[in-house]
Amino acid sequence: DVKVTQSSRYLVKRTGEKVFLECVQDMDHENMFWYRQDPGLGLRLIYFSYDVKMKEKGDIPEGYSVSREKKERFSLILESASTNQTSMYLCASSSIWSGGEQYFGPGTRLTVT
Amino acid sequence: AQSVTQLGSHVSVSEGALVLLRCNYSSSVPPYLFWYVQYPNQGLQLLLKYTTGATLVKGINGFEAEFKKSETSFHLTKPSAHMSDAAEYFCAVSDQTGNQFYFGTGTSLTVIP
């Protein structure tokens with residue numbers, strides 16, 4: 001089975017802190033994605049990556065950056081956390097050979113105080 | 001660009017009743033279509049997907065969906081609701097590479113005993 005893991009299930013940070021969210025997949029997938037999920041807004045794409053060192057902005061990239069130095073790992077960085085970044089963050093991966101099906105991690109619930 | 005519309009952000013059904021969750025998409029080319037389920041404080045899990053071939057797709061937990069190209073719809077059904085079906089359901093559409101992946105805003109299903 002494909003497994004996507006995220007470094008933390010719950011995280012509490014203070015305003016202004018730099019926050020790293022890590023995601024690792026074990027199926028050699030080319031594509032990786034970061035979403036945030038908020039009530040009533042569904043899933044919104046922050047960034048995605050289709051190859052090592054490649055990244056594309058999604059719908060809401062402001063305030064975030066990403067890093068993909070290895071194929072299996074995709075990191076989301078909040079340079080200076082703000083309270084409006086309190087949210088559930090979901091990582092996903094997919095293969096270009098599997099019809100776009102995305103596999104999700106369990107999510108990280110981030111609270112910024 | 002593609003888009004996905006889920007009619008009804010909240011749906012309530014009685015235990016044992018038919019579940020019908022609606023999804024319409026806009027796409028200029030035949031897309032790949034997905035339904036995902038999310039239980040509280042968890043990531044998304046694939047219920048079923050349509051890529052090519054038979055338009056009636058069966059998934060896990062007794063769910064099925066029918067791709068109707070003429071109606072640009074992909075509604076999710078289950079003949080008899082169980083209490084365990086209470087969750088958030090997301091419809092999604094993708095191109096064949098998976099690089100263009102769009103989610104609906106979700107439908108929260110409540111099952112009444």
Side-chain angles (χ1 to χ4, degrees), chain A residues 1-6 8-11 21 23-25 27 29-51 54-60 87-111, chain B residues 1-10 21 23-25 27 29-54 57 59-60 65 67 74 87-109:
Chain A
D1 282 350
V2 175
K3 192 166 186 182
V4 180
T5 56
Q6 296 183 228
S8 304
R9 291 299 307 276
Y10 299 93
L11 208 53
L21 302 182
C23 175
V24 177
Q25 50 95 4
M27 281 300 293
H29 283 171
E30 297 80 13
N31 301 326
M32 295 189 75
F33 307 80
W34 275 107
Y35 296 92
R36 67 175 282 176
Q37 182 180 19
D38 301 286
L41 298 178
L43 277 74
R44 293 181 290 170
L45 181 65
I46 304 172
Y47 270 97
F48 74 95
S49 169
Y50 53 88
D51 201 352
M54 305 302 291
K55 61 184 179 183
E56 293 285 341
K57 292 181 180 179
D59 301 318
I60 52 164
S87 187
M88 170 71 97
Y89 290 87
L90 293 165
C91 175
S93 70
S94 72
S95 168
I96 60 174
W97 309 111
S98 65
E101 177 182 346
Q102 293 194 4
Y103 296 82
F104 282 82
T108 296
R109 186 165 294 281
L110 173 67
T111 302
Chain B
Q2 301 183 41
S3 68
V4 180
T5 302
Q6 290 184 240
L7 294 175
S9 57
H10 297 278
L21 304 183
C23 174
N24 289 89
Y25 66 93
S27 174
V29 296
Y32 291 169
L33 297 157
F34 307 83
W35 276 101
Y36 285 84
V37 62
Q38 185 183 33
Y39 299 104
N41 295 314
Q42 294 187 24
L44 276 68
Q45 177 184 359
L46 183 70
L47 268 180
L48 49 79
K49 66 179 179 181
Y50 169 81
T51 53
T52 59
V57 181
I60 62 172
F67 169 55
F74 192 57
E88 188 91 16
Y89 291 81
F90 292 93
C91 181
V93 59
S94 169
D95 68 356
Q96 295 182 7
T97 68
N99 286 345
Q100 302 295 326
F101 202 98
Y102 300 91
F103 282 94
T105 53
T107 297
S108 177
L109 177 67

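Residue numbers begin at 1 in each chain, while the letters A, B, ... track the order of the sequences. Keep in mind that the numbers below use all heavy atoms, side chains included, and drop hydrogens, waters and symmetry copies.
Counting heavy atoms from C-beta outward, B:F34 and A:Q102 have side chains that stay 4.5 Å or more apart. Side-chain contact between B:Y102 and A:D59 is absent, with no heavy-atom pair separated by less than 4.5 Å. The shortest distance between side-chain heavy atoms of A:Y35 and B:F103 falls below 4.5 Å.
The shortest non-hydrogen separation linking A:L43 to B:L44 is CD2-CD2, 4.1 Å.
Interface check for chain B: of the options A:S94, A:G40, A:C91, A:P106, the most heavy-atom pairs under 4.5 Å are formed by A:P106. For chain B, the option among A:A92, A:G100, A:S95 with the highest count of heavy-atom pairs below 4.5 Å is A:G100. With chain B as partner, the option from A:Q6, A:R9, A:M88, A:R44 having the largest number of non-hydrogen pairs under 4.5 angstrom is A:R9.
Using a 4.5 Å cut-off between heavy atoms, B:Q6 does not touch chain A at all. Using a 4.5 Å cut-off between heavy atoms, A:Q37 touches chain B through its side chain atoms alone. Proximity to chain A is limited to the side chain of B:L46, based on heavy atoms less than 4.5 angstrom apart.
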*asked:* Between B:F101 and A:F48, is the side chain to side chain contact (heavy atoms under 4.5 Å, CB included) condition met? List the steps.
replied: CA-CA 10 Å; B:F101 202 98; A:F48 74 95; over 6 Å; no

